[in-house]
Amino acid sequence: MTSDIIMAGFGGQGILMIGNLLALAAMEEGKNVTYFPAYGVEMRGGTANCTVVISDEEIGSPVVGHPKSLLIMNGPSLERFLPLMAPGGDLIINSSLVDAAQVNRTDVRLLSVPADEIARNVIGSRQMASMVALGAYVARTAVVRLSTLNDCLPKVISKKYEKFIPLNVNALKEGAALAGIHA
Amino acid sequence: MTSDIIMAGFGGQGILMIGNLLALAAMEEGKNVTYFPAYGVEMRGGTANCTVVISDEEIGSPVVGHPKSLLIMNGPSLERFLPLMAPGGDLIINSSLVDAAQVNRTDVRLLSVPADEIARNVIGSRQMASMVALGAYVARTAVVRLSTLNDCLPKVISKKYEKFIPLNVNALKEGAALAGIHA
Amino acid sequence: MTTETKTQFTRVVFERPRSLVDVKTHFCPGCHHGTIHRIVAECIDRYEVRENAIGVACVGCSVFLYDYIDVDVVEAPHGRAPAVATGVKRAQPDKFVFTYQGDGDLAAIGTSEVIHAANRGENLTVIFVNNTTYGMTGGQMAPTTMLGQKTSTSPYGRDFRADGYPIRMAELLAGLEGTAYSARVAVSTPAQIRKAKEAVRKAFEMQLHGMGFSVVEFLSTCPTNWGMTPLDAQKRVLGEMSAYFPLGVFKERKQADFA
Amino acid sequence: MTTETKTQFTRVVFERPRSLVDVKTHFCPGCHHGTIHRIVAECIDRYEVRENAIGVACVGCSVFLYDYIDVDVVEAPHGRAPAVATGVKRAQPDKFVFTYQGDGDLAAIGTSEVIHAANRGENLTVIFVNNTTYGMTGGQMAPTTMLGQKTSTSPYGRDFRADGYPIRMAELLAGLEGTAYSARVAVSTPAQIRKAKEAVRKAFEMQLHGMGFSVVEFLSTCPTNWGMTPLDAQKRVLGEMSAYFPLGVFKERKQADFA
Amino acid sequence: MARGGAVVATGRIEIDFERCKACGLCISACPKSCIESGERFNRQGYAAAVFARPDDCTGCAICGETCPDVCIRVWR
Amino acid sequence: MARGGAVVATGRIEIDFERCKACGLCISACPKSCIESGERFNRQGYAAAVFARPDDCTGCAICGETCPDVCIRVWR
Amino acid sequence: MSATATEAARRLLTKGNEAICLGAIAAGCRHYYGYPITPQNDIPEYLSAQLPAIGGVFLQAESEVATINFLLGTAASGKRVMTSSSGPGISLMQEGLSYMAGSELPAVIVNISRSGPGLGGIAPSQGDYFQAVKGGGHGGYRLIVLAPHSVQEMYSLTMLAFDLADKYRTPVFLLGDAIIGQMKEPFVPTPYVSSVSQEKPWALTGCKGRERQNLKSLYLKDNAIEVHNWNLHAKYDRIRAEESRSEPFLLDGAKVAVIAFGTAARVCKTAIQWARKEGIAAGLLRPVTLFPFPEREVQEVARSSEKILVVEMNTGQMVEDVKICTPFHEKIEFYGKPCAMPTPEEILVRIRALAGRSA
Amino acid sequence: MSATATEAARRLLTKGNEAICLGAIAAGCRHYYGYPITPQNDIPEYLSAQLPAIGGVFLQAESEVATINFLLGTAASGKRVMTSSSGPGISLMQEGLSYMAGSELPAVIVNISRSGPGLGGIAPSQGDYFQAVKGGGHGGYRLIVLAPHSVQEMYSLTMLAFDLADKYRTPVFLLGDAIIGQMKEPFVPTPYVSSVSQEKPWALTGCKGRERQNLKSLYLKDNAIEVHNWNLHAKYDRIRAEESRSEPFLLDGAKVAVIAFGTAARVCKTAIQWARKEGIAAGLLRPVTLFPFPEREVQEVARSSEKILVVEMNTGQMVEDVKICTPFHEKIEFYGKPCAMPTPEEILVRIRALAGRSA
Ligand SMILES: Cc1ncc(C[n+]2csc(CCOP(=O)(O)OP(=O)(O)O)c2C)c(N)n1
Ligand SMILES: Cc1ncc(C[n+]2csc(CCOP(=O)(O)OP(=O)(O)O)c2C)c(N)n1
Ligand code: SF4
Ligand code: SF4
Ligand code: SF4
Ligand code: SF4
Ligand code: SF4
Ligand code: SF4
Ligand SMILES: [Mg+2]
Ligand SMILES: [Mg+2]
């Protein structure tokens, strides 16, 4: 079984961080995994994206032309990646910034998550929006266990910000809840 | 028929100049010819040498491992080139500076020319020593006509030194005379 | 009321200069490259050299010069803009030739090219943008990086024992015979922006009058790699940067040597 | 009488220094490279660093440094000696490291390397031999060639309009923070030779005391490519060359910055 | 119907909403504090600055000179 | 049998015949004109300088310091 | 192969560029010099933080020309030293590399290659194959070239590079690309075990207690330079005989043999697995050393298979070395994707065609 | 061929390096930049005296890195421009050459090659074949490479180089060596006749009366750089198809075919004449263009002859291109003489052996 996802949004939304977290969790669960971040000038102009591939077999390409899943945190990213998406995949959008109406494809499974609102209103920090979205994606696809993500948080969050770990756990939980499953 | 010669001596003895003159004369006589001077750091430390190949056929290598003839103007050059010389070749030495006794080969045709003395005493300028030696070589081998050398002098002597052409003609003549032939 | 005001004030007192292409730039928010591009464009307009100019783009965040300034532009390898500009000027002495270079480009890998272009007195103009770091590649240490400044390759802060001292190019270049004009400016206040324009005008005039090599060093910001807000970045320029890199004119040739 | 004098004077008051290998050099008659090699060897002896020294040879008439100076020597590509020396010194900070470079090597192709070695304050010593030409390659124009000087690539004489100005490296390098010592000397008179030795000693001491980068520029002769007798060549050094390239000490650090 | 503000205003600016990168430099530069950071995000993802107090604008063009992205046009 | 010269000489030099390149610098440098250009050519092809007037030598070593080829040794 | 529990415990999720740093440090490298360039900046950034902490030296040079000469000086001092760069920076090192090859100085040079020619772009590419393998500098020297295709190999081949550099006194290239440099995947930091002596009697450390010695590439006397060239040639022949490495992947009975290196080989593995599932006898030969090129293995594959598909992220470079190895030119097909990563789908299509299947 | 009386009258005894200058001036080149290096200094020395006199520009650069970038600027201005250097200097130009190839800028670069690697020596050599032919810079570009073997060709191929550079918008290499550069022989200064248009609408001359334009090698958007690489590749294929040149010498019925270029080919001609006198059916194929390599001619020779002897003044470089052209690998023998000129005697010995004669 091989799953892959492209995550994209503005810089500062923590895209690379959640991609990293997902990859770590997959490794912890003994799977093969690759994580590929956008790099260099691509980062200029304030956008960020990364690709995570998880598989039981040796992984060839860490880059995917037609992602099975998308996690989209802002409008421009939707425009850029939606056309590439494979039919039947899972599309998670941050409906706080992305207009669901712009999803002009019917052959994908859309999950709208008002990530910014939830982060701001429920979790209490807009920074948590991407965590919310990740929680939703993982709950929807079960590619890794939510608990593994929680366990890995300390590895991606520097000592300095340790105190925010509970917030992240919450964010993942709320996101998962939205996907209709409870961790 | 192909003939070749290596000419060598101190810098300032006019080695490259007589090599050039010989090559020009050969060209004037419709022959194929190549002229190859020592270059670069080889010139440092005050020695100079060049190789002239004259032939009726297309000339391959302008460099010869075993020269048919040698024109040697100083001691160090004899040491360096005599061992390479082909058997039966013509060896012209400037006996004013080169000790004929040092010619340790019997399989070459030696012609000792007191070039410096003749230049100083007969021609009146030590600068003419190499011209004397060239005259002797050409007379000995008849590779080109002495008259052609005379005709070519203006092409190798800059306007500035035109007035010395007669001296050069004389030097060639005296050298030729020494080879036992009169031009 | 909007309509009211609209009709009320009709004389445009500030807008984009003709030579500045009307497109969105890739520069980060608050990056002074944008301001400096605009100033260069304004001076190109002022001297009406747009159709006669050839710009030389460097490798750095300003690599897209040809997308932003409406003149012919040739791309130079990293640091070699002054050499490429020399090749252009020697082939077309009647054209207006300028380079636009970052501090990594000019003060590091391009040291030799800019020094010898200046020493030869090449009749061209260099716009030099010093933001004390390698912006495009992600904020590494540059020869201009301040002592103690933390960058992605000086994580413990620049230490002169290991990395030496921030190099003052405007002064160094002013010391060469061939340099006609050398000045250092900044664009962190309206007053500085005015001064900066004067400097670029002087530099352009030097070339237009065949006086030789001219260079204007801009103290610029890199909020992204400095990890500062655009406002704090400007404060840094006004503070420690100007303290070590004094603003001013270091050389101004009054008449061509051969006049 | 020969025997007589032989026995009469027995105290050697001048002879070849220990660190100068006893072989014939390839230098042309009257070339000052020989004198400068000797001075360097004398200073190596004086500070007893021979067994602790690593020399860096440049590409030029002094390329055979390893045949003449009795120390370990690494060959650097043309102009890169200061970079190679940096690599040696960073790997072996306890060793005594020096380069010996010509003016084509240091002031042309090697401009960037020497400037940044100086700016970093690399704790090494540069012996810089300025003979206003590319000696080894046959006397082409160098950045140090005097205005009006005819060389094999400036057959009409150097013209600043086309080729710029002779560059003064000792002054340029003195302007960099990292430079501890910079001086220009000559060896055309016994007095100058004494002064030159003092300068090299100072430069060596800077390194031995960890003060940073030190450089001594020698005004030297190239009789062969200048087309002059050795004597006239010396006169040229004493005359027009010293007039444009003033002799003297341009920087001398009194104490290490970090002392 | 002239308002108090309209009377004193001696200039006017326009901020290009899509071009603005919300760097805030114009906001702190304006001597009359006419400009504020906005709420709405443009397609670049920035909350563009807004011309909040037109009535105080003198048309001094300091904002325009300050904007690195040349988003501001000024009239008098 | 002391000669006039031998009395005043306070030094002595030796010139390495084979090493000398006949540049002439020592000749013009010697304050006592003790050195002259020679007649004999060495193996390098140079007419090596010769210590012509030993009687006037002061052993000042100026010649030694001057010789680029370090051909001269000086005694006192 | 899915990882075993115990191994899993020791796995680290690491960026390829960082794995190089870990390999270098494990191999005892304490000197790194470099100049920033995308996509390899993680290397200087990581080492600028780590080396000083372990008594090493990190120094950013003013240029790649200076960089390679810093390396020359430190290598001449007998210390293990490394640099990393990409396309344009590597080109600027060519003169220095030629000097180091001529002076027989060991060092490790990493090229995380990007797109060219010129400034090109930062997209991944294998366009620098010729430069690395044929010697981009003057004088016809050769460098050992290693081509990692996983983060694990970024680590292990870096350690090997240092050993080979010392063993043969030659600069060694590690030729990666933007993909393998930027990606993260789990890898196991195996311990560094070396058989190579690090004794360097030739190093310049001052002549105390011995004759002075030098390190140089200049040979002027008589035919010394000719002799030197033959000596180098003999060394390269030794390297050819002893150091060629390659990985066979599902090659047994393969009718269609794919030949690819580095990142391209990763993708080919996926395509080949798919092809096998379709019943196509496809396999892969992955050169791990590009110089020495695995000649015997390529010859054997060319002999035993019906078709050869050479896949490169360029317009055709290694394919020339394949042709040099074998006379079976008519079997050889090339698929190139310059400055981009081919997809398994694209490669599968070619494999099918060569296997006589309609796509 | 011994010259006819009339021709003789027009013959000049000229140094190879000077013939290049005469060819460049005849072809309308008025811009030369360079940095001194043996054995090509005659070129800058000659042009520094001549160019100013005819309104041209001679400028000595501070380095070869600056030199190649002066060329880039003047080429971008639409002017014909040339430089010359050797080994180390050519290596320093690799980054600039890659940029010029990527920006498709025409220029002529002369390499009067010497011995390497490193400082090596000033003895003649063909050790820079790989660097010139495979592209020493990054990004897998190709340059047209011409290999003169006589003073006459130093002149005529220089003129051709300028035409090919403009025709294909690419830097063109003239690969000579110390022998052909330093020797004098008679040559005839034939007039320059060109079919190539020198119209350069792409040149940067200011945007008066048109849209602004630029010259660059950076392609960041989407797969622009991939497209650019394929466009360059297509150009190189056109060059392969249209511009390959070679000289057959006594090839008819040759059983032993020698393949050699430049100076080495001169010597081979002598050896072959001697062999023919001995009744050995020997002949020579001399590639005049090294890129494009005369593939068809080499294939034909490999097919028709019994033995192939590749002779190079290096330890074996062009021999690889011969193997790439033909599957008859078993026929191919190599004789190398790095950093020195082989003698006709040495080559005759090999020819005899291949012809089955006892030496
Ligand atoms: C030869 C070479 N080395 C390195 C690079 C990578 N590189 C691109 S831009 C840059 C430096 C940018 O810094 P700077 O010149 O200060 O410009 P800024 O982005 O700060 O405006 C570097 C090192 C390159 N393109 N070419
Ligand atoms: C990269 C490179 N370019 C050019 C040369 C040729 N070259 C050898 S020595 C030299 C210059 C010598 O002049 P200088 O440095 O002044 O030393 P000098 O011989 O005058 O003492 C040059 C250009 C080279 N070896 N390498
Ligand atoms: S990285 Fe720095 S220099 Fe580059 S655009 Fe952003 S702020 Fe400006
Ligand atoms: S060429 Fe000049 S510098 Fe070189 S050795 Fe001769 S005189 Fe000295
Ligand atoms: S024009 Fe002046 S007053 Fe008006 S908004 Fe701009 S800065 Fe403020
Ligand atoms: S300065 Fe320009 S970009 Fe910055 S906030 Fe104001 S309008 Fe927007
Ligand atoms: S020691 Fe003094 S006096 Fe004696 S020869 Fe030498 S210079 Fe003349
Ligand atoms: S100085 Fe030395 S080399 Fe010159 S003439 Fe005197 S002894 Fe001979
Ligand atoms: Mg910068
Ligand atoms: Mg010099």
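Below, each value reflects all heavy atoms present in this structure, side chains not excepted, and no hydrogens, waters or symmetry copies. Residue numbers begin at 1 in each chain, while the letters A, B, ... track the order of the sequences.
- With a threshold of 4.5 angstrom between heavy atoms, Cys67(E) approaches chain C through N, CA, C or O but not through any side-chain atom.
- With respect to chain E, the highest number of heavy-atom pairs below 4.5 Å among His33(C), His37(C), Lys197(C) belongs to Lys197(C).
- For chain E, the nearby parts of Leu231(C) are the backbone and the side chain; heavy atoms of each come within less than 4.5 Å.
- Checked for salt-bridge contact, Glu36(E) and Arg53(E) meet the test: a charged N lies under 4.0 Å from a carboxylate O.
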Open item on the list: Is there a side-chain hydrogen bond (donor to acceptor under 3.5 Å, both in side chains) between Ser214(C) and Thr125(C)? Walk through the geometry before answering.
Closed with: CA-CA 5 Å; Ser214(C) 54; Thr125(C) 303; 3.0 Å; yes
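- The existence of a salt bridge linking Glu48(C) and Arg50(C) is excluded, since no basic side-chain nitrogen approaches an acidic carboxylate oxygen closer than 4.0 Å.
- For Arg16(C), the parts sitting under 4.5 Å from any heavy atom of chain E are the backbone and the side chain alike.
- No salt bridge links Asp69(E) with Arg19(E); every basic N to acidic carboxylate O contact stays at or beyond 4.0 Å.
- Of the two parts of Leu20(C), only the side chain, counted from C-beta on, holds a non-hydrogen atom closer than 4.5 Å to a non-hydrogen atom of chain E.
- When heavy atoms are compared at a cutoff of 4.5 Å, Ile27(E) does not approach chain C at all.
- Looking at Glu65(E) and Arg194(C), no side-chain N of the basic residue comes within less than 4.0 Å of a carboxylate O on the acidic one, giving no salt bridge.
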